[in-house]
Amino acid sequence: MSSPRSPRSRWSLLAFSRSLASFVKSKFSCTFSFAFGSQQPSDPLDYAFAPRTKPGTISHPLPLQRHTARRHNVSRFHFIHQLPVEIISLIFIIGAEQDSFFPVTVSHVCRAWRQIALRTPALWRRITLGPEEEMWRERIYRARACTLDIQLLPYRTAPSGARRVQDLNPYNVFWYMQLAIPHIRQWRSLELCFADYSPHLWKAALHDCSTPAPSLKELILTYRRNDDIDEFLLFSGHAPRLRRLTVEGIRLVWMPSLFGNLTFLDYTHHGFTSERHAVHDVLSILAVTTRLHELRVLFPRKRTIRLPSRRDITPKRVSLPHLRNLVLRVDGSDIPFELAHLVSLISSPFLSSLRLIDLRRSPHSFPSLKSFFYVCALPSNLRFVHIGHAWYDPRMVHAMIHSLPQLSKIVVKRSRVPEQVYNVRQDARRDYSSHSFRQTQGQNFHRHYQIDHLSVQYFPRGSKA
């Protein structure tokens with residue numbers, strides 16, 4: 001049986017309980033104040049007029065409050081969000097030139113980018129016609145008053161990036177073009193390319209292109225398998241800003257008001273005429289486009305024709321005073337008569353670059369190569385020559401160096417051999433007796449040589465002459 005406690009011991013136990021409760025209460029109140037507690041006003045005036053709150057207790061704790069991050073704990077944004085809106089818009093526009101679905105992709109990244117994309121009309125200017133009619137109508141609407149780039153290609157690109165062949169028959173082509181025809185005054189470029197044969201494709205595509213195109217700058221029309229011999233008059237003969245033209249497999253009405261301001265022409269003959277008639281057709285075109293800076297010519301032909309002698313060439317000539325770059329392409333086993341005859345009738349006194357391209361990449365030289373250079377006199381201002389595959393003959397290179405005083409570089413491209421770049425020294429033309437070359441520094445994937453003498457020979461890297 002326990003003895004009764006004295007009053008003194010009872011008082012000590014009660015005092016200990018009260019002190020323990022006060023200690024626990026103070027600890028809990030301090031924890032709540034630091035974790036969720038009230039923020040004290042930093043300004044004394046704010047402290048004086050701040051509302052008075054009772055301290056929390058165990059039985060009546062303070063309500064929990066959301067923790068606010070301090071200034072030094074604020075998370076930093078990615079640096080791209082610090083770029084000006086104009087720079088981001090320009091980046092988007094450049095990306096849209098490579099991928100037609102790029103505007104849709106960037107507009108789904110975040111809210112800020114979507115606002116930038118929707119407020120950049122130039123981002124939506126590229127219209128690739130296809131079955132997705134509603135999507136392209138929406139893109140034309142988002143482009144607002146911005147100029148448009150219209151394309152109709154033999155394939156269409158899926159959102160995943162895969163290319164799918166699309167059926168381009170006259171009915172589909174006519175239906176697709178009706179989407180873009182009402183906005184013809186906004187066209188900045190038009191590209192129509194057909195790969196597979198189908199009758200009357202040009203008529204279906206160009207039937208309603210009879211309205212002037214004041215904003216058009218580039219036109220691409222290619223259809224090698226075309227069998228329609230009709231001539232087409234485009235845009236009522238009015239496209240004052242047209243500067244670049246690529247045509248293949250189509251006959252056009254060449255008017256000065258339509259093609260007189262061209263600076264770039266990539267012409268592939270349609271094949272409906274041949275020999276002197278084909279040359280006459282091209283000369284008529286060049287008589288209209290006298291402001292050309294670059295000219296590319298191709299006569300697609302499979303059979304070989306011998307080049308004519310000088311006395312058989314008609315003296316009619318066309319002058320191209322602004323021509324700087326000339327590209328001659330051959331896709332047969334020999335140089336066609338039309339190409340040689342055409343070049344002999346073109347006067348280009350300021351021509352500085354000549355590219356000779358063999359599309360078949362034959363390892364053997366053209367049989368008529370010597371006759372071609374005998375008939376076609378190269379201008380003395382020529383500085384750069386690119387020789388590809390069947391155009392290559394060491395004797396022709398020797399003749400070029402001897403007859404062209406301004407020639408500074410020759411690039412040779414042959415089958416199974418890396419591209420070779422030859423820098424011609426002007427002071428090396430005095431001595432023609434010895435056969436020596438000195439290599440010059442250049443890029444690793446090119447072979448550079450310094451030609452010391454006119455007796456041209458080609459040695460691989462590391463070998464001795």
Side-chain angles (χ1 to χ4, degrees), residues 151-154 168-170 173-174 177 189-207 209-210 216 218-235 237 239 242 244-256 258-260 262 264-290 292 294-305 307 314 316 318 320 326-346 357-360:
Q151 292 180 322
L152 182 56
L153 306 176
L168 294 180
N169 55 63
V173 170
F174 181 80
M177 289 298 297
S189 65
L190 174 63
E191 181 178 0
L192 303 179
C193 299
F194 305 117
D196 299 329
Y197 171 77
S198 185
H200 309 299
L201 285 181
W202 284 133
K203 292 181 179 178
L206 305 175
H207 178 266
C209 293
S210 57
L216 189 66
E218 183 175 5
L219 179 61
I220 301 176
L221 304 173
T222 61
Y223 181 24
R224 176 166 291 192
R225 299 185 179 184
N226 176 43
D227 60 353
D228 190 352
I229 62 174
D230 293 341
E231 291 185 339
F232 294 89
L233 174 61
L234 303 178
F235 314 118
L242 186 61
R244 299 178 62 88
L245 176 63
T246 301
V247 291
E248 178 180 2
I250 186 174
R251 298 185 65 191
L252 300 175
V253 178
W254 295 82
M255 301 179 61
L258 184 60
F259 302 111
L262 287 179
F264 172 87
L265 176 59
D266 187 347
Y267 180 81
T268 300
H269 191 57
H270 44 69
F272 298 126
T273 57
S274 61
E275 299 183 354
R276 298 185 182 276
H277 297 284
V279 175
H280 174 74
D281 293 343
V282 180
L283 290 176
S284 302
I285 294 173
L286 297 181
V288 175
T289 59
T290 57
L292 287 177
E294 182 172 352
L295 173 63
R296 301 180 181 182
V297 182
L298 171 63
F299 288 91
R301 199 164 195 162
K302 297 182 179 180
R303 60 192 183 95
T304 303
I305 300 178
L307 297 176
T314 306
K316 182 180 179 181
V318 174
L320 300 177
L326 178 61
V327 181
L328 305 179
R329 296 171 295 179
V330 176
D331 66 348
S333 58
D334 199 2
I335 304 173
F337 161 77
E338 293 87 350
L339 185 62
H341 192 29
L342 175 67
V343 176
S344 64
L345 298 178
I346 296 178
I357 308 298
D358 176 23
L359 300 180
R360 290 192 174 186

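Shortest non-hydrogen contact noted between Leu201 and Leu168 is CD2-O, 3.6 Å. Shown here for Met177 and Leu192, the closest heavy-atom pair between the two residues is SD-CD2, 4.1 Å. Among all heavy-atom pairs drawn from His269 and Phe299, the shortest one is CB-CD2, 3.7 Å. Contact record, Leu320 with Leu286: CD2-O, 3.9 Å, taken as the closest heavy-atom pair. For Val253 against Leu258, the heavy-atom pair with the smallest separation is O-CD2, 4.4 Å. Closest of all the heavy-atom pairs between Cys193 and Thr222 is SG-OG1, 3.2 Å.
Atom-to-atom distance recorded for Asp228:CG and Glu231:CD is 11.0 Å, nearest 0.5 angstrom. We find the OG-CG distance between Ser189 and Leu216 to be 7.5 Å, quoted to the nearest 0.5 Å. Atom-to-atom distance recorded for His341:NE2 and His280:NE2 is 11.5 Å, nearest 0.5 angstrom. The CD1 atom of Ile357 sits 8.5 Å away from the CZ atom of Arg329 when rounded to the nearest 0.5 Å. For the atom pair OG (Ser198) and CG (Asn226), the distance works out to 11.0 Å, reported to the nearest 0.5 Å. Within the model, atoms CG of Leu295 and CG of Leu328 stand 8.0 Å from one another, a figure rounded to the nearest 0.5 Å.
Judged as a ring-ring contact (aromatic ring centres under 6.0 Å, His included), and not counting sequence neighbours, the contacts of Phe194 are Trp202, Tyr223. With sequence neighbours excluded, the residues forming a ring-ring contact (aromatic ring centres under 6.0 Å, His included) with Phe272 are His270, listed by chain and number. In this structure, the side-chain hydrogen bond (donor to acceptor under 3.5 Å, both in side chains) partners of Arg224, at least two apart in sequence or on a different chain, are Glu248.
Under the 4.5 Å side-chain criterion, counting only non-hydrogen atoms from C-beta, Leu190 is in contact with Phe235. You'll find the side chain of Leu298 reaches within 4.5 Å of the side chain of Leu359, heavy atoms only. You'll find the side chain of Thr246 stays beyond 4.5 Å of the side chain of Arg296, heavy atoms only. Contact annotation: the side chain of Leu292 approaches that of Leu262 to within less than 4.5 Å [non-hydrogen atoms, C-beta and beyond]. Side chains of Tyr197 and Pro199 form a contact here, defined as non-hydrogen atoms less than 4.5 Å apart. In this structure, the side chains of Asp281 and Arg251 stay at 4.5 Å or more apart for every pair of heavy atoms. You'll find the side chain of Pro154 stays beyond 4.5 Å of the side chain of Asp196, heavy atoms only.
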**Report entry** Test side-chain contact (heavy atoms from CB on, under 4.5 Å) applied to Arg276 and Phe337, step by step
**Finding:** CA-CA 9 Å; Arg276 298 185 182 276; Phe337 161 77; 4.2 Å; yes

Query raised in the report: Stepwise, does the side-chain contact (heavy atoms from CB on, under 4.5 Å) test hold for Lys203 with Asp230?
Result: CA-CA 9 Å; Lys203 292 181 179 178; Asp230 293 341; 3.2 Å; yes

Query raised in the report: Can you check side-chain contact (heavy atoms from CB on, under 4.5 Å) on Phe259 and Leu252, steps first, answer last?
Result: CA-CA 10 Å; Phe259 302 111; Leu252 300 175; 4.0 Å; yes

